[in-house]
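Here's the structure, in structure tokens; my notes come after.
Residue indices begin at 1 and follow the sequence shown.
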Amino acid sequence: MADPSSYRPRPGEIPDSPGVYRFRDEHRRVIYVGKAKSLRQRLANYFQDLANLHPRTRSMVTTAASVEWTVVSTEVEALQLEYSWIKEYDPRFNVKYRDDKSYPYLAVTMNEEFPRVQVMRGHKKKGVRYFGPYAHAWAIRDTVDLMLRVFPVRTCSAGVFKNAARTGRPCLLGYIGKCSAPCVGRITPEDHGDLADEFCDFMAGRTGTYLRRLEKQMTEAAEEMEYERAARLRDDIGALKKAMEKNAVVLADATDADLIAVAEDELEAAVQIFHVRGGRVRGQRGWVTDKVEEITTGALVEHALQQLYGEETGDAVPREVLVPALPEPAEPVQEWLTGRRGSNVSLRIPQRGDKRALMETVQRNAQQSLALHKTKRASDLTTRSRALEEIAEALGLDSAPLRIECYDVSHLQGDDVVASMVVFEDGLQRKGEYRRFQIKGFAGQDDVRSMHEVITRRFRRYLAEKERTGEWAEADGAQDAPADGAPPADGPKDDDGRPRKFAYPPQLVVVDGGRPQVTAARRALDELGIDDIAVCGLAKRLEEVWVPDEDDPVILPRTSEGLYLLQRVRDEAHRFAIAYQRVKRSKRFRSSPLDDVPGLGETRKQALIRHFGSMKKLRTATVEQIQEVPGIGRKTAETIAVALARAVPAAPAVNTATGEIIEDGEPDTTGGSPERPVTAGAPDERRGQET
């Protein structure tokens, strides 16, 4: 590990002007490239106290052994040079595009005597018109196959073309009418060039002229009773319309724009791009990015723009580029894009209308892309095994932690304090073994005490089970069973076949938090005499891994599969805790006087409300009227009447949208709510049971 002070430039050496800088390691390999409006101010940020640096930045400056820079005239030049150096050196600490594949384009080789329609990848060539990119090559071939009925342009390779010219026989497409057969002289080079121009015009969105012309020809053929020709023209029109349907209009006024969306978490980001030409979505592409440097959404957008347009010129750069966040500053990037296009380019965030709605669609695609990537990554056995091995190595464990339990505490300003326990076995979720806890030992907000209480309660039951049977035993209390619908846990069973709860101890306990929470969890285990379970904490702000009795955290590389797994475990515990806390809070907000009636369950509460229609009418009912409800006896009716008489009616509730007074402000005791359902989140958030 290098000391940044050993290669820090002397004061006054760094110029106060725009430029691009490179950090190199001891082997002279470039590990990071960056640009700055002021090189002096930017580089000074890297040579401050290491404790003040972000872990990713700290890792970079301690890996580097030297820094060098190049002065440029403007920020636009800095942007161009930064892109060139990133492409040349592929620095390890810059943003990495994991899916940096070459996307296919529909290309028309207008630079040839007989232009050819084909699928092309890679660098663009001069004199070739490109349409796309498309997500898949088969999508291009499907579109071309439909259009060749109307525009029979050459699609064969040079070898096939020369062989047909030599033999005087066209290929199969020439015989079935999907090629004008210029190889055997059926069409002149000039006419074939005009046909290719029409093909390009149609692909560029100028479709109305050709459809109207074909419809006119079809009508004339029908009037002249040339029905076979009219039928062919009808089929041609259908083929063109089908090709157009593949690219439905999404923006009016024949808009040319690219829409870029970003979905991200602490470790990765997914970038999705929709290419809109002539108001139609012509192509889609995307990347998954490792965030190996500290980076904002605006900076991610800037990197995506460099990736998209770094080698593009002219019409390949659209008039509008719509993004979720602007780079900082945005003016040099917009000026750079304008230079690439040769005319003005608008770089902005859509605020309303069709463009905003389409941007939301692109954003959903980005989120799904990131979720799919994470699912594939988590389901890979080799990756999970490597993650567990990395965790064991980082924490100094004797073996990989096959069972990991993670705990998180959630509350709303000290109210409804709850905690969650999630279980991962072999790197996969075991939702049937999730548990939820109410904090009972004290009132108020204290995350450290809450963590101590939860760990104590969970492992006290584990010890009680061992003591009762000598090894495993049932946990006390029926409340520890999984929620309805959760799959039964595998493992030891009671005599009645039910799985024993809290039967397995984890090899690793993870807590959401830093040193205080880790210390509390370790103290709880020590008080119970448990010394064979490892403990660590994952602090969300800097993704630091804290272990007991250590002054400094363990810093796992940002590309570490072990860190990725710990983050997934922590985030799942956080999600599960918040879901439970929201349920508790919503139940408290929907409390009613009927809750205080002993022995009155939800079924009979709902029956009362259905019978009387509202709490207001129930409050004015007599004991005899209440007794008319099925299942309500005389004694229960009297208890209900007394409870309602003692309760003070709530203030009238007002619908803020309409100003309407909601009937007496009485809470809904039927389990419904006009604002949100009882259960927050997806169905799997209901799993786990309160303990």
Heavy-atom closest contact (S180 atom, R186 atom, distance):
O-CB, 3.3 Å

For residues R129 and C200, report the shortest heavy-atom separation together with the two atoms involved.
NH1-CB, 3.3 Å

Of all the heavy-atom pairs spanning V323 and P350, show the shortest one and how long it is.
O-CD, 3.7 Å

Working to the nearest 0.5 angstrom, can you tell me the gap between L538 CG and Q567 CD?
7.5 Å

Hey, does Q306 have a side-chain heavy atom less than 4.5 Å from the side chain of E82?
yes

Hey, does T338 have a side-chain heavy atom less than 4.5 Å from the side chain of V317?
no

Counting only heavy atoms not in E26, do more than 12 sit closer than 6.0 Å to its CD atom?
no

Given the rule in the side chain to side chain contact (heavy atoms under 4.5 Å, CB included) test, do Q41 and N45 qualify, once you have shown the distances and angles that lead to the verdict?
CA-CA 7 Å; Q41 294 180 13; N45 293 332; 5.8 Å; no

Roughly how far, to the nearest 0.5 Å, is the OH atom of Y32 from the CH2 atom of W85?
13.5 Å

Lys/Arg N to Asp/Glu carboxylate O, E572 vs R568, below 4.0 Å:
no

The test is side chain to side chain donor-acceptor pair (under 3.5 Å); show your working for S343 and R341 and say whether it passes.
CA-CA 5 Å; S343 60; R341 176 177 171 82; 2.8 Å; yes

V30 side chain near F23 side chain, heavy-atom distance below 4.5 Å:
no

Is a donor on one side and an acceptor on the other found under 3.5 Å between the side chain of R356 and the backbone of I349?
no

Please name the pair of heavy atoms, one in T297 and one in V262, separated by the smallest distance, quoted to 0.1 Å.
CG2-CB, 4.5 Å

Flag the pair V61 / Y7 as yes when at least one side-chain heavy-atom distance between them is below 4.5 Å, and no otherwise.
yes

Ring centers of Y83, Y309 separated by less than 6.0 Å
no

Evaluate side chain to side chain contact (heavy atoms under 4.5 Å, CB included) for E335 paired with E75, printing each intermediate quantity in order.
CA-CA 9 Å; E335 186 178 344; E75 293 180 66; over 6 Å; no

Tell me the closest heavy-atom pair linking L300 and A269, and the distance in Å.
CD1-CB, 3.7 Å

With a 4.5 Å heavy-atom cut-off, do Y21 and L39 have their side chains touching?
yes

So how far is it from R352 CZ to K355 NZ, rounded to the nearest 0.5 Å?
12.0 Å

Would the distance check show the side chain of R319 and the main-chain N or O of D256 forming a donor-acceptor pair, the cut-off being under 3.5 Å?
no

Please determine whether side chain to side chain contact (heavy atoms under 4.5 Å, CB included) holds for the pair D191 and D194, giving the CA-CA distance in whole Å, both sets of side-chain angles, and the decisive distance to 0.1 Å.
CA-CA 5 Å; D191 290 341; D194 293 340; 4.3 Å; yes

Check whether E220 reaches the backbone of Q217 with its side chain - one donor and one acceptor, N or O, closer than 3.5 Å.
no

One should read off an interatomic distance between K178 NZ and L148 CG, to the nearest 0.5 angstrom, of 6.5 Å

Output for pair (Q48 CD, S5 OG), nearest 0.5 Å, gives 13.5 Å

Shortest non-hydrogen contact from A304 toward V271
CB-CG1, 4.0 Å

My understanding is that only residues two or more places apart in sequence, or in another chain, count here; which of them pass side-chain contact (heavy atoms from CB on, under 4.5 Å) with A261?
M359, V362, Q363, A366

Got a sec, which residues hit side-chain contact (heavy atoms from CB on, under 4.5 Å) with N365, two or more places apart in sequence or on another chain?
Q272, F274, Q284, T361

Quick one: are Y130 and K125 in side-chain contact, heavy atoms under 4.5 Å?
yes

Do the non-hydrogen side-chain atoms of L347 and P327 ever get within less than 4.5 Å of each other?
yes

Quick one: do R58 and I555 satisfy side chain to side chain contact (heavy atoms under 4.5 Å, CB included)? Show the steps, please.
CA-CA 10 Å; R58 185 190 314 154; I555 304 297; 4.2 Å; yes

Report yes or no: do E328 and T296 form a side-chain donor-acceptor pair below 3.5 Å?
no

Between the side chains of K35 and E302, is the shortest nitrogen-to-carboxylate-oxygen separation below 4.0 Å, so that they form an ion pair?
yes

Atom pairs and distances, side-chain donor-acceptor, residues 106-116, under 3.5 Å, sequence neighbours left out:
{"from": "T109", "atom 1": "OG1", "to": "R116", "atom 2": "N", "distance (Å)": "2.8"}
{"from": "T109", "atom 1": "OG1", "to": "R116", "atom 2": "O", "distance (Å)": "3.4"}
{"from": "N111", "atom 1": "ND2", "to": "K126", "atom 2": "O", "distance (Å)": "3.3"}
{"from": "E112", "atom 1": "OE1", "to": "R154", "atom 2": "NH1", "distance (Å)": "3.1"}
{"from": "R116", "atom 1": "NE", "to": "T155", "atom 2": "O", "distance (Å)": "3.3"}
{"from": "R116", "atom 1": "NE", "to": "C156", "atom 2": "O", "distance (Å)": "3.0"}
{"from": "R116", "atom 1": "NH1", "to": "Q118", "atom 2": "OE1", "distance (Å)": "3.4"}

T219 side chain to E215 backbone, donor-acceptor under 3.5 Å:
yes

For the pair E68 and R28, find out whether any cationic side-chain nitrogen is under 4.0 Å from an anionic carboxylate oxygen.
yes

Could you tell me whether the side chain of V301 reaches within less than 4.5 Å of the side chain of L326, counting heavy atoms only?
no

Any luck finding a side-chain donor-acceptor pair between D25 and T63 under 3.5 Å?
no

Distance check, rounded to the nearest 0.5 Å: I14 atom CD1 versus F47 atom CZ?
6.5 Å

